[in-house]
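Positions are given from 1 along the sequence.
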Amino acid sequence: MARGSATWKRVKFGEIAQCVNDRVDDPKAAGVDRYVGLEHLDPESLSVRRWGTPDDVESTKLRFKPGDIIFGKRRAYQRKLAVADFEGICSAHAMVLRAKPDAVFPEFLPFFMQSDPFMERAIAISVGSLSPTINWKTLAEEEFTLPPLEAQRRLSTALQAARACRESFLETQRAIEATRRSLLFSIFRPRRGPADHFPAHWRRVRVGEAGDTQVGIRKHPGSLQGQNMRPYLRVANVLDGWIDWRDLMEINVPDQDLVRCTLRDGDILINKGNSMSLVGRSAVFRSRGSDCFFQDHLMRFRAHAHVHVGFTQAYFQHLLYTLQFTRIAVASTSIATIPSDSFEALPFPLPPLEEQHAIVQQIDGVLWASGQLGARLAEQEKLSRRLSAAMSGMQP
């Protein structure tokens, strides 16, 4: 399958795929029981694992059938596309695409659309600044070089096997995560009763008595240059249990904040202001060798000496999963905010330090299993990338 061989063919995307524009003006009368929005699609996955119902939505949607590709045409850089295995309706911010079997091997098309050459072109032709969107007529005219049908079939077989392996790993990972959450629930709510119904020998204090809380620095236009430029973590960097160091911003930190808002190894960062579903996410900060600061939509919690950081983080995650952060958050039109005083007033369980260590060891055992599986998944994804490299010659 050497590139440049006469067996490879240059085609317009509209020659191998059709855009199915079966509009549904009244979702509730669509005669289906599943609605797939862009929020239900996982980046880099071709499977639809979640969905809503037509009762959840209004306005015009698109009908899809089993085998159709649902491709998020808005914000294509999120790389959201999936192959439907059921009939339903989807967001009008997606395209419903169907392979033309005379021109492309149908099972090959979604893998090709996941490839870097296709996605790079999709992103490049998107129009708009806030929500860049792909126009079908423009996409249909884009040209790509494809291998012959028999080569597409062989690639599809290998990629489908790799995909099945990856889905198996992810399913196991989801089971481990469910085990971790169940463990947290059994630790912090071992019996029926109120949220603070902890074992009798545990002390009962408030969050504000277990550590010190500090809100971060507000960014403004003048923050983008100055003498005190420092790394600056934002809400987008603080995920559920870990910090994403990609897309790290730097700002000029005012002199009065250089000490007050410097992060230390072991500090816990909590999303103070975010969407209602994400507010309260937290992660432990681990120093990377230089001073780092944080956004005013984040809170820093610094545990006292008699409070184990890992135990504290586990409890904060329990509060997130049981929606207790949601209950104290104050919602506005676009964001939910946890008031600092409400956060500090939350009940905090405080077993003896030795018992905190033992609890952390329990949780770490589950996290170790998740890490081992993650390493296996990373190896499997290397294989998938090597298979996808066979499509690297498909530049437009």
Can you pull the salt bridge (Lys or Arg N to Asp or Glu O under 4.0 Å) pairs that have at least one residue in [range], sequence neighbours excluded?
range	result
residues 224-239	Arg234-Asp247
residues 84-106	Arg63-Glu87, Lys65-Glu87, Asp68-Arg98
residues 278-294	Asp265-Arg286

same_hphob_cluster([X], [Y]) at 4.5 Å side-chain heavy-atom cutoff:
X	Y	result
Phe301	Phe294	no
Val11	Phe111	yes
Ile123	Phe112	no

Inset, instruction - Output all residues satisfying side-chain contact (heavy atoms from CB on, under 4.5 Å) with Ser131, sequence neighbours left out; order by chain, then residue number. - result: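 Result, side-chain contact (heavy atoms from CB on, under 4.5 Å) vs Ser131: Arg74, Arg75.
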Legend entry - Heavy atoms from other residues, nucleotides or ligands near NE2 of His93 exceed 12 (cutoff 6.0 Å):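 No, the 6.0 Å shell around NE2 holds no more than 12 heavy atoms from other groups.
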Legend entry - Crowding at CD, Gln227 (>12 non-hydrogen neighbours, <6.0 Å):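 Incorrect, the count does not exceed 12.
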By salt bridge (charged side-chain N to carboxylate O under 4.0 Å, His left out), which residues pair with [X], not counting sequence neighbours?
X	value
Glu177	Arg180, Arg181
Arg218	none
Arg50	Asp42

Supply the members, apart from [X], of the Ile/Leu/Val/Met/Phe/Trp/Tyr cluster built from side-chain contacts under 4.5 Å; use none for a lone residue.
X	value
Phe293	Ile217, Tyr232, Met249, Ile251, Val253, Leu258
Val57	Val24, Val32, Tyr35, Ile89
Val96	Val20, Val36, Leu38, Leu41, Val48, Trp51, Leu62, Phe64, Ile70, Phe86
Met229	none

Inset, instruction - Can you sort out the partners of Tyr77 under ring-ring contact (aromatic ring centres under 6.0 Å, His included), two or more places apart, ordered by chain and number? - result: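 Listed in chain order: nothing, the list is empty.
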Inset, instruction - Please step through salt bridge (Lys or Arg N to Asp or Glu O under 4.0 Å) for the pair Asp212 and Arg302, ending with a clear verdict. - result: CA-CA 5 Å; Asp212 300 319; Arg302 184 169 291 164; over 6 Å; no
